[in-house]
Amino acid sequence: MTAADRIRAELAQAARDIGADPLVEPIIERPRDTSLGDWTTNLAMTLARPLRKRPAEIAGLLRDRMSLADAGVERVDIAGPGFMNFWLDPSLIAEAVRDIVGQNETFGRSDAGRGELVNVEFVSANPTGPLHVGHGRQAALGDAISTLLEWTGWTVSREFYYNDAGAQIENLAASVKASIAALSGGSAEIPEGGYHGEYIREIAEKFEKLGKDADTRRGGRNADSDAIRDFAVAELRSEQDLDLQAFGVSFDTYFLESSLYGDGKVEETADALTAAGMTYELDGALWLRTSSFGDDKDRVMRKRDGTYTYFLPDVAYHVTKWQRGFHRAIDVQGADHHSTVTRVRAGLQALGIGITPDYPEYVLHQMVTVMKSGEEVRISKRAGSYVTVRDLVNEVGRDAVRFFFLMRKSDSQLVFDVDVALKQSEENPVYYVQMAHARMCGIFRVGEIDRETFSTDGIDLGVLREPEEQELIKALADFPQAVDGAAAALEPHRIATYLSETARLAHLWYHKHHVLGQAEDIVRARLALARAAQIVIRNGLRILGIGAPERM
RNA sequence: GCGCCAGUAGCUCAGUUGGAUAGAGCAACAGCCUUCUAAGCUGUGGGUCGGGGGUUCGAUUCCCUCCUGGCGCGCCA
């Protein structure tokens with residue numbers, strides 16, 4: 001039971017004693033300004049109305065009824081409009097260091113998810129081109145969200161959905177075919193809406209070469225569309241795999257849209273929707289009554305030509321998620337796809353098979369723009385000017401790319417400044433955090449002490465009373481709460497923000513107070529603090545999928 | 001026209017789900033290298049929280065309205 005828990009319990013008891021609602025749950029927070037105390041509560045203000053008393057009066061009554069010594073509280077101030085500010089015994093605060101060092105790699109983990117299954121789908125790019133920076137943001141987000149959920153006790157499955165069926169794929173095939181024809185002097189043009197990137201020509205060349213080297217494929221001008229399409233999709237999938245590998249992201253499942261046609265799931269879903277009375281024919285197409293489930297208007301699910309629109313397989317796909325036991329699913333997508341949210345959910349509700357209305361959950365992210373030498377790098381798949389994830393990783397490194405993608409909340413637009421990411425200086429936030437970690441490691445290296453076997457047994461942590469020490473320890477002790485909050489909100493950027501702040505406090509402490517060469521009891525206690533800071537920063541970086549170097 | 005997202009210091013952005021005098025980094029200015037990494041640290045200045053209403057003890061946060069920007073509104077995905 002932490003000090004905050006004990007204060008909370010004491011407050012609840014005192015509130016009941018003075019006639020508050022027995023179900024009251026006091027909220028304890030860190031004060032905005034650390035000079036105001038270690039913990040604060042606005043309980044007296046929230047009780048003012050029901051108890052019909054002035055907040056300050058209530059605060060006084062509460063304070064009189066609390067057993068403060070039991071909660072480790074040295075002093076309670078009543079301040080401002082009615083805040084109660086608690087000051088803890090510094091030795092008690094310092095004891096957090098012992099917990100952190102003891103828990104080591106598990107510090108920050110919780111079991112809130114109770115081992116339940118959750119599916120996290122991300123990237124899910126069409127195999128029609130390399131992964132660009134937008135996919136990179138999504139890969140970083142999805143992976144970090146997955147890890148956050150693992151840290152809070154969920155059993156996570158990372159999933160990549162390939163849209164390897166449909167009109168865009170035919171578009172791709174036609175583009176490659178035209179490019180093949182052009183190679184042998186033909187004048188065939190890439191069709192309207194086709195793809196023009198350099199990679200199209202590369203695929204065409206590769207296809208030609210294979211066709212000539214081995215007889216396994218019919219190359220050249222006579223190549224049929226099926227062979228070209230299959231070849232192009234396979235090529236691009238393996239290219240995307242290399243992109244993801246460069247970024248250090250891996251998946252538990254790669255799910256092919258085409259398989260939903262192969263095993264009849266698409267047909268099955270369409271039939272079930274019709275059987276449920278949720279469809280109607282109009283203008284030769286089959287419509288789904290999505291407007292009955294919050295959409296602006298009904299949507300076509302089967303086109304006049306007999307093929308399905310993208311969202312029907314999407315519905316079928318999410319049915320499989322539910323059936324595979326994932327009663328919680330999170331989709332990470334670009335905000336340009338936000339219109340699918342209502343549609344997919346509507347389709348799932350229309351089936352009436354007990355899927356919850358807010359299934360799946362969506363994390364939408366805004367666009368990424370890349371700045372280089374002060375200019376925006378235009379990203380256009382069709383035109384071919386292009387910044388791929390791999391380009392970016394090769395240029396600035398995986399850790400910087402990940403941190404940059406994760407340090408902003410997903411629903412704000414992100415400017416990726418390549419020049420800043422390349423700087424190995426304080427301007428670059430990822431170096432700032434990693435440097436703090438390396439410094440903590442450096443103390444142990446110089447002191448020739450083994451970090452991993454270091455124990456706090458018998459160390460008097462009560463000597464860690466310097467203001468910088470107390471502030472750092474409080475920040476470190478808040479890490480589990482930061483993880484819980486970030487996981488609950490599906491917002492990894494909170495961890496990035498937390499790390500920047502904690503790194504700042506670690507640098508500050510490091511600079512002001514030496515560890516080695518002090519009195520023996522001080523050295524031992526400060527080593528413990530350095531170890532605790534190193535553990536917390538490393539754990540936080542690990543959640544974001546970023547390395548924690550021991551030296552830089 | 002409708003929907004979603006955003007608008008906070010010169011710039012890039014946080015703001016713990018309604019709390020105290022709104023924070024950080026960069027940039028600017030002033031300092032700090034015989035000590036565990038100066039790839040760093042300390043200090044100073046900088047704000048009508050896009051505008052206007054409302055809800056209440058209290059609003060950057062919730063509601064309404066307007067302005068600006070991005071995305072979407074397809075029998076493309």
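Everything quoted here is computed from the prediction, not taken from an experiment.
- With both ends at atom C1', the span from rC64(B) to rA22(B) equals 25 Å, rounded to whole Å.
- Note that CZ of Phe83(A) is 13.0 Å distant from CG of Asp77(A), once rounded to the nearest 0.5 Å.
- Distances shown here put every side-chain N or O of Arg504(A) at or beyond 4.0 Å from the OP1 or OP2 atom of rG23(B).
- Lys321(A) places none of its side-chain heavy atoms less than 4.5 Å from the side chain of Phe255(A).
- One atom, CG of Asp33(A), and another, C1' of rA22(B), lie 12 Å apart when rounded to the nearest Å.
- No close placement of the His338(A) and Tyr362(A) rings is indicated, their centers lying 6.0 Å or farther apart.
- The base of rG19(B) sits with one of its N or O atoms less than 3.5 Å from a complementary donor or acceptor on the side chain of Asn42(A).
- Non-hydrogen atoms lying under 4.0 Å from RNA chain B are contributed by nothing in residues 525-540 of chain A.
- As judged by a 4.0 angstrom heavy-atom cut-off over every strand, Phe444(A) is placed among residues making no nucleic acid contact.
- Under a 4.0 Å N-O distance rule, the pair Glu267(A)/Arg302(A) does not qualify as a salt bridge.
- rG25(B) sits 30 Å from rC62(B) when the C1' atoms are compared, rounded to a whole Å.
- Here the separation of rG43(B) from rA24(B), taken at their C1' atoms, is 16 Å to the nearest Å.
- As judged by a 4.0 angstrom heavy-atom cut-off over every strand, His513(A) is placed among the base-contacting residues.
- The aromatic ring of His338(A) does not stack onto the base of rC5(B), failing the criterion of a centre distance under 5.5 Å from the six-membered base ring together with planes under 30° apart.
- Contact check, Lys512(A) against rU35(B): no side-chain N or O comes under 4.0 Å of OP1 or OP2.
- Nucleotides rU60(B) and rC13(B), compared at atom P, are 22 Å apart to the nearest Å.
- Contact check on Arg531(A) versus Glu452(A) returns a salt bridge, with a Lys/Arg side-chain nitrogen under 4.0 Å from an Asp/Glu carboxylate oxygen.
- By the rule that a glycosidic angle within 90° of 0 means syn, rU17(B) counts as syn.
- Paired regions of RNA chain B, where each region holds three or more successive Watson-Crick or G-U pairs whose two hydrogen-bonding distances fall under 3.5 Å, are B:1-7 with B:67-73, B:10-13 with B:23-26, B:28-32 with B:40-44, B:50-54 with B:62-66.
- Regarding contacts with the backbone of rG15(B), a side-chain N or O of His493(A) is found under 4.0 angstrom from either OP1 or OP2.
- For the pair Ser412(A) and rA14(B), the criterion of a side-chain N or O lying under 4.0 Å from OP1 or OP2 is met.
- Within a heavy-atom distance below 4.0 Å of RNA chain B, the residues of residues 302-310 of chain A found are Lys303(A), Arg304(A), Thr309(A), Tyr310(A).
- Note on Tyr432(A): a side-chain N or O is less than 4.0 Å away from OP1 or OP2 of rC41(B).
- A parallel orientation is assigned to the rings of Tyr161(A) and Tyr317(A), their planes being inclined by less than 30° (bins at 30° and 60°).
- Here the rule is side-chain contact (heavy atoms from CB on, under 4.5 Å) with Tyr498(A), and of Val433(A), Val536(A), Val483(A) only Val536(A) fits it.
- A salt bridge does not link Arg524(A) to Asp521(A): none of the charged nitrogens lies less than 4.0 Å from a carboxylate oxygen.
- Rounded to whole Å, the C1' atom of rA77(B) lies 36 Å from the corresponding atom of rU61(B).
- For the pair Arg299(A) and Trp287(A), the NZ or CZ position fails the cation-pi test of under 6.0 Å to the six-membered ring centre and within 45 degrees of the ring normal.
- Nucleotides rG52(B) and rC33(B) place their P atoms 49 Å apart, quoted to the nearest Å.
- The aromatic ring of His507(A) does not sit over the base of rC41(B), since the test of centres under 5.5 Å and planes under 30° is not met.
- When each of Arg451(A), Gln534(A), His437(A) is checked for a side-chain hydrogen bond (donor to acceptor under 3.5 Å, both in side chains) with Glu550(A), only Arg451(A) meets the rule.
- Comparing atom distances between the Arg49(A) side chain and each of rU37(B), rG19(B), rC57(B) picks out rC57(B) as nearest.
- One C1' atom belongs to rG46(B), the other to rA28(B), and the distance between them is 10 Å to the nearest Å.
- The side chain of Gln413(A) has rG70(B) as its nearest neighbour among rG70(B), rG40(B), rA20(B).
- Regarding Arg299(A), its CZ atom lies at a distance of 13 Å from the P atom of rC76(B), rounded to whole Å.
- Between the side chain of Thr40(A) and the base of rA20(B), a donor-acceptor pair under 3.5 Å is found.
- To the nearest whole angstrom, the two P atoms, one in rG47(B) and one in rG1(B), are 36 Å apart.
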